[in-house]
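Working notes for the structure below.
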There are 2 protein chains.
Amino acid sequence: MLFLRRCHSLTRFGPLNTQRYSTLRYQVAPAAASCAVRLRSSGSDDQRSYQHARSPGWTHGLAGLLAGTGAVLAYCLHQHKAEQIDTTKVESTEKAPLPVFSQAEVTKHRSLEDGVWVTYKDSVYDITEFVSMHPGGDKILLAAGGALEPFWALYAVHNQEHVLEILSEYKVGELSAEDQKKLQAVKSSDPYASDPERHPVLRINNLKPFNAEPPPEILSDSYITPSAFFFKRNHLPVPQVDPASYQLHVEGIPGGVLTLSLEDLKTQFPKHTVTATLQCAGNRRSEMNSVKQVKGLNWGIAAISNATWSGAKLRDVLLAAGYGPDVAQWAHHVQFEGLDKDVTGTTYGASIPLNKAVSEEGDVLLAYEMNGEELPADHGFPVRVVVPGTVGARNVKWLGRIIVSKDESSSHWQQNDYKGFSPGTDWDTVDFKSAPAIQELPVQSAVTTPADGAVIDRSAGEVTVKGYAWSGGGREVVRVDVSLDGGKTWQVAQLRANDKGQPPEPPRPPGRAWAWKLWELTAPLPPDAQELEIVCKAVDNSYNMQPDTVPPIWNLRGVLSNAWHRVKVTIKEDKEEE
Amino acid sequence: MLFLRRCHSLTRFGPLNTQRYSTLRYQVAPAAASCAVRLRSSGSDDQRSYQHARSPGWTHGLAGLLAGTGAVLAYCLHQHKAEQIDTTKVESTEKAPLPVFSQAEVTKHRSLEDGVWVTYKDSVYDITEFVSMHPGGDKILLAAGGALEPFWALYAVHNQEHVLEILSEYKVGELSAEDQKKLQAVKSSDPYASDPERHPVLRINNLKPFNAEPPPEILSDSYITPSAFFFKRNHLPVPQVDPASYQLHVEGIPGGVLTLSLEDLKTQFPKHTVTATLQCAGNRRSEMNSVKQVKGLNWGIAAISNATWSGAKLRDVLLAAGYGPDVAQWAHHVQFEGLDKDVTGTTYGASIPLNKAVSEEGDVLLAYEMNGEELPADHGFPVRVVVPGTVGARNVKWLGRIIVSKDESSSHWQQNDYKGFSPGTDWDTVDFKSAPAIQELPVQSAVTTPADGAVIDRSAGEVTVKGYAWSGGGREVVRVDVSLDGGKTWQVAQLRANDKGQPPEPPRPPGRAWAWKLWELTAPLPPDAQELEIVCKAVDNSYNMQPDTVPPIWNLRGVLSNAWHRVKVTIKEDKEEE
């Protein structure tokens, strides 16, 4: 009866009813199991990969699974198990007062061998048997020995009544009063609750953590992207940082740690300003997805933006911390740690090569201003590192620590993500050690207007095509070729390095062209064409070109998507209306 | 009669006879004229462009024209004109002693307006009327006011008897005895006569100046290319330099010129060794030629080689010459001048950006050794500048002068050559100022074996594909993908950075990977295939990729040809021979 009552209660969360359920229960169980396996086989063991695992295509299915059906399935799998449990035990635990455990005792149960215990509010649960039924896979083991609240806050799908009902079945005791008090001190609210407000024009790829891009036509309207429209790529909740107590630690250089306040950074070092374009490694991933499913957020063409950044030079700060030729003898990398943390306390991390960090020409900033104003929360307030010419992922936000090291960052994002592979490499054969971490990005361009599928009136007589072009490593874009016939013939676009009405950016020394070029071409409509396939490709000053097509550069993570960008538009013939 | 006699004499040089001639004369005259126009419209005004104008395709025709028919045509055009000349004048010049002119007088006649006079041995000629008939176009104007001998030595096609006969018709006087003596001092022998011996295995693209590449299969046999097989790309005759009196002048830095002997260079500066690949901008031009004719030597895939270079760092020499932060304020380029000269005395020249020249990480050498031995004559003896990661054309050989400057080299090769353009740009629309001089080259790779058209026995069961891969700017090649099915599926090749049996090159710091990677893939023969289309593409550590196809990167100079390299081979089925 208990069983039926609970299943009945499920009708509040989905279209299922008890009658349908009993059939569904056995049919879908393998699907849930295979889903759990899938998550495991991807090697994801951190919150971000988990988010990526819920990416387009089958993600949609999984998201649904997690939001409703998945929980239902878990509930039912759990019930199926529960039926097999000795009823004597259930009765005895219902009658006798449950034992009281200390947090220390709970913490001992962190594996399938020792049992998997968790706490929720004042109760202790032994969920060992539930682990294999968890729709989110063995991610649940991260919570072993500790409190569920912060996980559930991060993965909002758990905030449903029947999830609590499942949990109650596994209760084995009470948490000691003393430890309950301590836990109350742990913030259990939604870690994303304090995320900043965002402009509604942004196209959201993922809400928590927040990932969004502006509509493409906005991009080519301003050389400097307004901060509100700058693409957002967060890996974790936006940390709340008090600028008054903020501290930046510079470590790894013999002689000790240099700790700087925000005020120190602003007053003890010259302020430099650099205009630099940042691009996510996954920009234009959607084009790879349309070839074959990849893992990652389904970015369009606007995970790229251009801003003016001001701050201290990383070089100056490293010199102040004691960097010198002796350090250069053994150090090869500069690591960065953000103040954004996952539930295990792991911070976002990345590193860049030492020579980029210490070079006068590298222009690496510890930026505290963006577009002439205080850094917005979404872009790293109070301090982010801006590594011009380098993939967005190394431009660590909410910067907490800088570590000069002989090694690259050991973070997941440096070691097992943000790397490129051959189109023939799949998740079964990938060896992340075999590829270098992405630093400089290859030459890129895209058509921002007209939009794919747009209709042009024949009477217009001409078409204006606009877009952006950029290359990594300070390589300046020197030419953009535009084709209206799918790549058969090409015209050269006009390049622009300023906002209309503003003076152009001063020319940069070679190797220090950090900012994109906007481009534009107005061309007559070909007389006989009914459709145009507009294509663009950029050339940088090392004469690197973009590859023609997506399939040969397809890779399992969907990064480095820089084939020619293609947009189809229709020409609408004028109607004779006399 | 004179006319007939001379035409008769032509039979010695070709299949023409007087009877055929009178018909041919009017038929082919327009072709010769159009040929002259062609050469003019190309904007060629220096010896090298002239060589390039005689490149494959119609070059073959033009070469023939110049070698025989062209001279015949010129001769006949000339005769046609001669017939129209007032016979009184001819008679009077035949009888009266011709006037004596000084060189100064001759030099006044350097244009069509002032008359075009030249000297040959002891005689002065007014060739004004011949200019429009010259098969080599208005290139002939370069000789105006001076001696023909050095030009004829450079362009050996003139060494034919009937050319002298044509010339004799234009004689207007004698050169003064004093000026004849001076001219005798001018070396009139073949300027290429002292060019070094070369290995017969080289495939010659042009003999004078010497341009040749090794057979591709030799390339992938050695990580370090033996100097004899290293591709040769000379723009002018190889100069004879006496190492004992050799002087290198370093100019442009306030405080005066620094002059160094070879001994100074070897003893006053630390000796550095760098392994660096050099590649001609025109490597793989033949693939562009097969899309649409371009201007330039028809290089195959082997205008690239890898050697070990030793010498003084350019940075050290510039510092010794007084380079410092004050100079960095205004200087932007370092120019190089070779000791190789054309007939006008113009030396080969090029420049590189200052930051490349003075950077510790730039590794620019004033090399006096190649592969552990004295520089060979063809590679710049006694000193060449080696600019790792940069197009061959800037690695100036037989280095005579180094000039620190705010400007790029003004040489033809820097300003109006070695630049990339859109496939839509032709010789009518090209604006050389609109494109940057090529410095760093884009990522490149090619299949060296099997050769295109090779036959593989089915019984072999597998195929081994070998090749090279390299990228400019010190960007390391991190992966080579190989396809056996024209690019549909890809496998990852094994990379190698050493000669077999030798230890691999030590890993280079990021941005300083100057040497190529050799690669190899052994794969089973696809069971059903009768033909393989083998394709390779490389990826560098900025994840730049090669473009898929040639037409979209085609450019009128045929440079930067780095699309996927494709080789077709046939699989020969085994015969049952019981």
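Keep in mind that what you see is a predicted model, and the values were worked out from it rather than measured. Letters A, B, ... mirror the listed sequences (proteins, then strands); counts begin at 1.
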Pairwise side-chain contact, Lys356(A) with Pro510(B), heavy-atom cut-off 4.5 Å (strictly under): no
Interface moiety of Pro552(A) toward chain B, non-hydrogen atoms closer than 4.5 Å: both
Contacting region of Ala563(A) [heavy-atom separation from chain B under 4.5 Å]: neither
Asp548(A) side chain to Asp548(B) backbone, donor-acceptor under 3.5 Å: yes
Point-to-point distance, once rounded to the nearest 0.5 Å, from CZ of Arg512(A) to CG of Asn355(B): 8.5 Å
Pairs of heavy atoms under 4.5 Å with chain A: top-ranked of Gln491(B), Met545(B), Gln439(B): Met545(B)
Part of Lys537(A) lying under 4.5 Å from any heavy atom of chain B: side chain
Check: Tyr543(B) side chain, Leu560(A) main-chain N or O, donor-acceptor pair, under 3.5 Å: no
Option that, when pairs with chain A are counted at under 4.5 Å, heavy atom only, ranks first among Gln546(B), Glu440(B), Lys488(B): Glu440(B)
Pairwise side-chain contact, Ser422(B) with Arg479(A), heavy-atom cut-off 4.5 Å (strictly under): yes
Per-residue contact mode, Asn544(A) against chain B (heavy atom under 4.5 angstrom): both
Between Pro547(A), Gly487(A), Gly472(A), Ala437(A), the one whose heavy-atom pairs under 4.5 Å with chain B are most numerous: Pro547(A)
Contact leader toward chain A among Pro423(B), Gly424(B), Pro353(B), where contacts are heavy-atom pairs under 4.5 Å: Pro423(B)
Toward chain B, the part of Thr489(A) with a non-hydrogen atom under 4.5 Å: neither
Gap separating the CD atom of Glu361(B) from the CD atom of Glu361(A), nearest 0.5 angstrom: 8.5 Å
Residue, of Ile553(A), Thr549(A), Asn562(A), that accumulates the most heavy atom pairs under 4.5 Å with chain B: Thr549(A)
Heavy-atom proximity to chain A below 4.5 Å, by part of Pro436(B): both
Validation row: Leu441(B), Ser542(A) side chains within 4.5 angstrom (heavy atoms): no
Neighbour count >12 (heavy atoms, 6.0 Å) for atom CD, Glu360(B): no
Contacting moiety of Ile438(A), where chain B heavy atoms sit under 4.5 Å: both
